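In what follows, chains carry the letters A, B, and so on, assigned in the order in which the sequence lines appear, proteins first and then strands, with residues in each chain numbered from 1. Small disclaimer: the values here were computed from a predicted structure and weren't measured.
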2 protein chains.
Amino acid sequence: MSEGRAEGVDGRTREALERFERFLHQRDLRLTEARAAIVEAALARQGHYPIDELIADLKQRGIRGSKATVYRTLPLLAEAGILEPAIVAGDARSYETTFGRHHHDHLVCSRCGRVVEFEFEAFEILQREVASRYGFRLEAHHHELVGTCPDCQAGEPPRG
Amino acid sequence: MSEGRAEGVDGRTREALERFERFLHQRDLRLTEARAAIVEAALARQGHYPIDELIADLKQRGIRGSKATVYRTLPLLAEAGILEPAIVAGDARSYETTFGRHHHDHLVCSRCGRVVEFEFEAFEILQREVASRYGFRLEAHHHELVGTCPDCQAGEPPRG
DNA sequence: CTTCATGCAAAAGATTTGCAAGTTC
DNA sequence: GAACTTGCAAATCTTTTGCATGAAG
């Protein structure tokens with residue numbers, strides 16, 4: 001990174017870059033151009049994305065960031081609290097950019113793959129309850145509901 | 001399968017074999033020796049297991065069931081409701097044998113990997129609530145709490 | 001200049017597939 | 001016999017690593 005970075009980048013992305021830079025400094029690592037490009041690509045993404053889509057995004061954009069660099073950077077971004085590995089029910093590894101977003105969980109359509117986000121405070125409360133019941137200090141959770149969405153129910157063939 | 005199958009097998013395993021056989025019949029597939037051996041190995045397992053551990057079990061036991069056959073059989077067992085892919089937070093694909101067991105969710109220690117199972121009816125109720133709010137027909141859910149278990153908290157170095 | 005980062009290509013794993021030979025109905 | 005299975009090896013895919021070269025402090 002030599003010139004003024006992050007031109008044309010929105011506020012959330014800029015904040016993410018700042019947070020990442022702080023995080024890296026703490027470990028004597030550096031915010032390089034390649035890493036910044038990956039942050040920008042991740043922040044531009046919505047919802048869940050498999051790693052190779054992120055790599056494709058990078059190729060389309062500036063062209064910087066090799067596959068290996070992306071693989072090396074994603075765990076750092078996760079540790080820095082910028083993104084999270086997404087629940088995987090067997091398919092390819094995916095991530096979700098969580099920086100600057102409210103916590104939410106997901107409702108996934110098993111037919112069409114549509115993802116609906118929901119927030120429901122009662123879950124958070126009960127989760128703390130369960131953790132404390134077992135003496136655990138709660139750090140995170142994965143919660144995903146799977147079902148058939150209204151559209152797919154409508155287009156469904158009558159039960160055979 | 002020619003000789004009397006399932007000798008020395010417990011009731012739950014026998015029921016699983018029966019269910020699987022019915023499932024296979026519906027599709028004009030067959031309950032072969034290799035498939036039965038995989039069912040037995042899966043039913044003998046507790047908790048989460050990566051695929052290669054199941055394969056190792058098979059090698060130890062009767063020696064039948066090649067890697068490819070196991071990979072081909074696991075999705076069938078999942079469809080038959082005998083096991084389920086386990087939540088994966090990034091590592092290797094694992095399964096859990098659910099046949100004949102109460103539904104439960106998991107509390108996982110992020111330090112030592114210990115897994116505690118819990119049942120909490122309130123979650124189930126709220127999940128139905130959320131699904132119906134969005135018009136989804138609920139089919140399944142993945143719910144995992146991540147934290148530090150009591151033992152690991154005790155053995156923890158004082159905060160630096 | 002010393003340490004860290006990158007890209008490429010090779011390596012390592014995990015999963016899937018093609019196919020000839022063996023089973024089951 | 002026709003249809004379904006299996007095991008093996010080869011083919012794919014995904015992710016990780018080694019290393020020489022290029023930046024950053």
Side-chain angles (χ1 to χ4, degrees), chain A residues 1-5 17 20-41 48-56 58-59 61-80 83 85-86 88-95, chain B residues 1-5 17 20-41 48-56 58-59 61-80 83 85-86 88-95:
Chain A
M1 298 264 34
S2 46
E3 54 192 317
R5 111 179 58 98
L17 285 164
F20 195 36
E21 184 159 36
R22 262 178 266 125
F23 169 87
L24 292 168
H25 266 304
Q26 286 181 346
R27 312 192 165 206
D28 295 300
L29 302 180
R30 298 158 190 172
L31 179 56
T32 60
E33 266 191 85
R35 285 177 179 154
I38 293 167
V39 171
E40 288 172 32
H48 293 176
Y49 45 86
I51 298 182
D52 41 303
E53 284 190 23
L54 195 64
I55 292 169
L58 284 163
K59 286 224 158 60
R61 294 155 151 268
I63 310 149
R64 70 184 69 278
S66 77
K67 192 169 297 206
T69 301
V70 174
Y71 274 101
R72 284 187 278 233
T73 302
L74 288 174
L76 294 172
L77 286 169
E79 274 195 86
L83 43 74
V88 174
D91 298 334
R93 197 174 292 191
S94 317
Y95 284 87
Chain B
M1 299 261 40
S2 45
E3 54 191 315
R5 114 179 53 98
L17 285 165
F20 194 36
E21 185 160 35
R22 261 177 267 125
F23 169 87
L24 291 168
H25 266 304
Q26 287 180 346
R27 311 193 167 205
D28 293 301
L29 302 179
R30 297 155 190 175
L31 179 56
T32 60
E33 266 192 85
R35 285 177 179 154
I38 294 168
V39 171
E40 288 172 32
H48 292 176
Y49 45 86
I51 297 181
D52 40 304
E53 284 190 24
L54 196 65
I55 291 169
L58 285 163
K59 286 224 159 59
R61 292 155 153 267
I63 311 147
R64 69 185 67 278
S66 79
K67 192 170 296 206
T69 301
V70 174
Y71 275 101
R72 283 186 277 234
T73 302
L74 288 175
L76 293 173
L77 286 170
E79 274 194 86
L83 43 74
V88 175
D91 299 334
R93 197 174 294 192
S94 319
Y95 284 86

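- No contact: A:Asp52 has no heavy atom under 4.0 Å from any strand.
- Distance, B:His25 NE2 to D:dC4 P: 14 Å, rounded to whole Å.
- Straight-line distance from the CG atom of B:Leu31 to the C1' atom of C:dT23: 13 Å, rounded to whole Å.
- In this entry the distance linking CD of B:Glu33 with C1' of C:dG22 reads 12 Å, nearest Å.
- The side-chain contact (heavy atoms from CB on, under 4.5 Å) test with B:Ile38 is passed by exactly one of B:Leu76, B:Leu83, B:Thr69: B:Thr69.
- Residue A:Tyr71 places none of its side-chain N or O atoms closer than 4.0 Å to OP1 or OP2 of D:dT16.
- Using a 4.5 Å heavy-atom threshold, the side chains of A:Leu17 and A:Glu40 count as touching.
- Spacing between atom CZ of B:Arg93 and atom P of D:dT15 amounts to 11 Å, rounded to whole angstrom units.
- Here the CZ-CG distance, from B:Phe20 to B:Leu29, works out to 8.5 Å after rounding to the nearest 0.5 Å.
- The nearest whole Å value for the distance from the CG atom in B:Asp28 to the C1' atom in C:dT23 is 16 Å.
- Between B:Leu24 and B:Ala68, it is B:Leu24 whose nearest contact on DNA chain D lies nearer the 5' terminus.
- B:Tyr95 is not listed as a side-chain neighbour of B:Leu54, based on a closest heavy-atom distance of 4.5 Å or more.
- Of the listed nucleotides (D:dT6, C:dA14, C:dA5), D:dT6 has the atom at the smallest distance from the side chain of B:Thr32.
- Residue-level contact check: B:Arg35 touches the backbone only, with heavy atoms under 4.0 Å from sugar-phosphate atoms and none from bases.
- Note on B:Ser66: every side-chain N or O is 4.0 Å or more away from OP1 and OP2 of D:dC8.
- What separates CZ of A:Arg72 from C1' of C:dC8 is a distance of 10 Å, to the nearest Å.
- Within 3.5 Å, a donor on the side chain of A:Arg30 pairs with an acceptor on the base of C:dT3, or the reverse.
- The main-chain N or O of A:Pro85 is never found under 3.5 Å from a side-chain atom of A:Arg93 such that the two would form a donor-acceptor pair.
- Taking atom CD1 of residue B:Ile38 and atom P of nucleotide D:dT6, one finds them 7 Å apart after rounding to whole Å.
- At whole-Å resolution of the value, NZ in B:Lys67 and C1' in C:dA14 are 8 Å apart.
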